[in-house]
Amino acid sequence: MKQEENEFMRHELRLPELTVRGMILGAILTVIFTASNVYLGLKVGLTFSSAIPAAVISMAILKMAKNSNILENNMVQTQASAAGTLSAIIFIIPGMLMIGYWQGFEFWQTLLVSACGGCLGVLFTIPLRRAMVVHSDLAYPEGVAAAEILKVGSHDKSDEKDGSGVKEIGAGGIFAGIVAFCTNALQVLGSELSCWIPVGRGMTQLPLGYSTALVGAGYLIGIAAGLSMLVGILIAWAGFVPYYTITSPLPDGMTLQKFAGSVYQERVRLIGAGAMGVAAVWTLIMLAKPVIDGVKESLAALHTPDSEKGKHRMDIDMSIQSIAMVFSVTVVGLLGIFYAFVSPEGLPVSENLTFTFVGVGVAVLMGFFVAAACAYMAGLVGTSSSPISGIGILAIIVASLVMYALCSSFGIFSMPGGEKFATATAIFTTSIIMAIACISNDNMQDLKTGYLVGATPWRQQVALLLGCVVGALVIAPVLNLLYEAYGFPGALPRPDMDPSQALAAPQAALMTTIAQGIFSSTLAWDYIYIGLGLGVVLVVVDQLLKRNTRSLCLPPLAVGMGIYLPPSVQTPLVVGAILGYFLRKHMKAKYGEEEAKAGFRRGTLFASGLIVGESIVGVVLAGVIVASVTNGGSEAPLAIVGKDFAGTAEYLGLAVFVLALLVFSKIVLGSKKA
């Protein structure tokens, strides 16, 4: 690492970073990735991280230009990944149509909420950079993977003994790409093993996801985060799900398997959200000192501008003056658009101003809180695996409670449509918070990549701001296009449309239901209270482990994620973390420290390749699906088997997954025999 950093420092004066051609390419990739993410997020509730595909595409294109370099490619992926992640605002904003408050997506309101919220997310993570990137051992799996891709693409052979890494990354990329194509496009391989197990009068699930990219991410996040997520899975699926299915009556006309699934969605995930809320608060408390130190350092630079001259460029963030200017512009923009949102209701000006200042104030204050939590989650398990919707659940609860208090004091609920207005203001407030959360989650991965390849932080932060603005321009038109084509549950633009073809928008539907439950006093608070209590217990257990043992810990946020996230997403992360731990332990015991380090590097490169391969196939397939359904075609245009092949595909997928683990082990062990 030190040798690579020194190499970048020697050449830093003649390596351009933020170039016009790079910004243009980043803008084009932003449009493509944002559109793809919006569709997939509305359809299945998942988005993909666009950082690595953007880096690969940038290297391929800019390689044809004169004097392209690793830092320029890094800026392109930084800009594109920020906007691609910003599309996760779709996890809440469609709720406006579901409750009938909007008849279509308001362009300027959606644009400014996305752009201003995203820019605030960038600003809020600037004081966290030193604490969570430079002086932290957090894994940042996608950030590390993107850095490895960029280094290999720049033909940097700083370690001749192990080669440039092209072979390992190429092997991982090709392998994962083929598996992802056979799984998601041809559908001849299953994506998970779903084994339902009766437990007395109840039922639970023994899940296993087959994603090779998540195995790679699990290898990078390490054993502590992996085992913590496993604990969360066990709490959910060996504890709460069988308990509630045993003790609750089976609804009429519902199978036990479907009942267990609904218990997880409607009860256990609320428990997980509550646990994550406590863990996020604790994380913020733990980060308070380094964050305050970072702010003090920035303020000191403001009073003594000459102090920046003595710093290396890799340690210079945006100036405090620039941060203050961007912050002021974004807050003014949010105040203006929030006032425009509430003013058509015909309320007195004083009440409109109160809603505006309270709504924006809640969004900004809670936004800083979630920025720190999301940045930590990204470092812990990666961007793609972070439970952003869990943060959204906490945000919609807080926003709804605040708006409930305001609407009650102003007598809004006694007016026609008062409850709908209250729900809409809560959703609008949460949209700002979600935009902040999404970018914060992605931003730290990009800053980690930049730190590893020798980028200038303030230039990266400018690229992230550009990405937010460009991505925001795309979101509203794409949302309107998809709404007119398919509609959402309970919100069809034309009466002759088939409701079964509507885009599910699962996160938006869940958060809207929670908001409506608060205003109608029907929300199941008991499960959130249980989660809060569990979160306190997890924090105490983690502190006791750290105090009484040298190496054991149980990050409470990772456990909360284990409860909240679908098991098919988490199990491959756990498998990758455990596989990496035992491989490294085996190499160190049998061949020594040096060979163990070489094996770890080979594993890191191969894991990066796995993430690259699956990500690129995901991007390409998203484009194919969008093109197909837009022209009236199938949502699985490349599938070569029917639904009756699902059982066989599941076992074929398991066989290929085991093969992937064997190949991974062989790559790490290299020429050594286990």
Side-chain angles (χ1 to χ4, degrees), residues 44-45 190-210 227-278 387 389-390 393 397 489 504 506-507 509-510 513-514 516-517 520-538 541 554 556 558-575 643-644 646-651 653-654:
V44 300
S191 60
E192 62 180 286
L193 175 67
S194 183
C195 181
W196 292 92
I197 304 172
V199 181
R201 293 187 295 108
M203 179 166 281
T204 191
Q205 185 183 21
L206 179 64
L208 176 63
Y210 296 154
L227 289 182
S228 298
M229 295 187 80
L230 178 60
V231 170
I233 295 171
L234 294 175
I235 290 174
W237 292 96
F240 287 122
V241 171
Y243 171 76
Y244 285 124
T245 54
I246 290 172
T247 58
S248 303
L250 181 67
D252 293 336
M254 183 178 287
T255 64
L256 194 55
Q257 180 175 320
K258 189 173 181 181
F259 178 51
S262 69
V263 162
Y264 171 70
Q265 291 290 340
E266 299 169 9
R267 306 185 196 183
V268 178
R269 294 193 81 183
L270 288 178
I271 294 173
M276 283 196 300
V278 171
S389 56
I393 288 175
I397 290 174
Q507 280 89 347
L510 173 62
T513 301
I514 289 174
Q516 292 173 320
S520 62
S521 302
T522 58
L523 182 65
W525 285 103
D526 291 351
Y527 304 112
I528 296 175
Y529 295 149
I530 292 172
L532 295 175
L534 178 61
V536 172
V537 172
L538 293 174
V541 170
L554 194 72
V559 180
M561 291 180 197
I563 300 170
Y564 178 82
L565 285 173
S568 59
V569 173
Q570 300 175 87
T571 44
L573 283 167
V574 174
V575 169
K643 293 182 179 179
D644 56 345
T648 304
E650 188 175 274
Y651 289 106
L654 177 61

- Query: Roughly how far, to the nearest 0.5 Å, is CD1 of I397 from CH2 of W525?
  - Reply: 5.0 Å
- Query: Quick one: OG1 on T571 to CD on E192, what's the gap to the nearest 0.5 Å?
  - Reply: 8.0 Å
- Task: Apply side chain to side chain contact (heavy atoms under 4.5 Å, CB included) to L208 and L654, showing your working.
- Result: CA-CA 9 Å; L208 176 63; L654 177 61; 4.0 Å; yes
- Query: Between atom OH of Y243 and atom CZ of R267, what is the distance when rounded to the nearest 0.5 Å?
  - Reply: 10.0 Å
- Task: Mind listing the closest non-hydrogen atom pair of P567 and P572 along with its distance?
- Result: O-CD, 4.5 Å
- Message: Quick check: closest heavy atoms across Y210 and E650, and the distance to 0.1 Å?
- Response: OH-O, 3.1 Å
Listed pairs under 3.5 Å, donor-acceptor, residues 255-262 side chains, sequence neighbours left out:
unit_1	atom_1	unit_2	atom_2	d
T255	OG1	K258	N	3.2
S262	OG	F259	O	2.7

- Between I563 and Q570, what is the shortest heavy-atom contact and its length? N-OE1, 4.4 Å
- Message: Taking the side chain as everything from C-beta on, heavy atoms only, tell me whether L534 gets closer than 4.5 Å to V559.
- Response: no
- Give the minimum heavy-atom separation between S194 and W196, together with the two atoms involved. OG-NE1, 3.3 Å
- Message: Minimum heavy-atom separation for G202 and I246, please, with both atom names.
- Response: N-CG1, 3.5 Å
- Query: Do V199 and V241 have side chains that get closer than 4.5 Å, going by heavy atoms?
  - Reply: no
- Item | L270 side chain near I514 side chain, heavy-atom distance below 4.5 Å | yes
- Query: Ignoring hydrogens and geometry, is there a side-chain-to-backbone donor-acceptor pair from R269 to Y264 under 3.5 Å?
  - Reply: no
- Item | Minimum heavy-atom distance between A236 and V268, given as atom pair plus value | CB-CG1, 3.8 Å
- Query: To the nearest 0.5 Å, what is the distance between CD1 (I271) and CG (D526)?
  - Reply: 10.0 Å
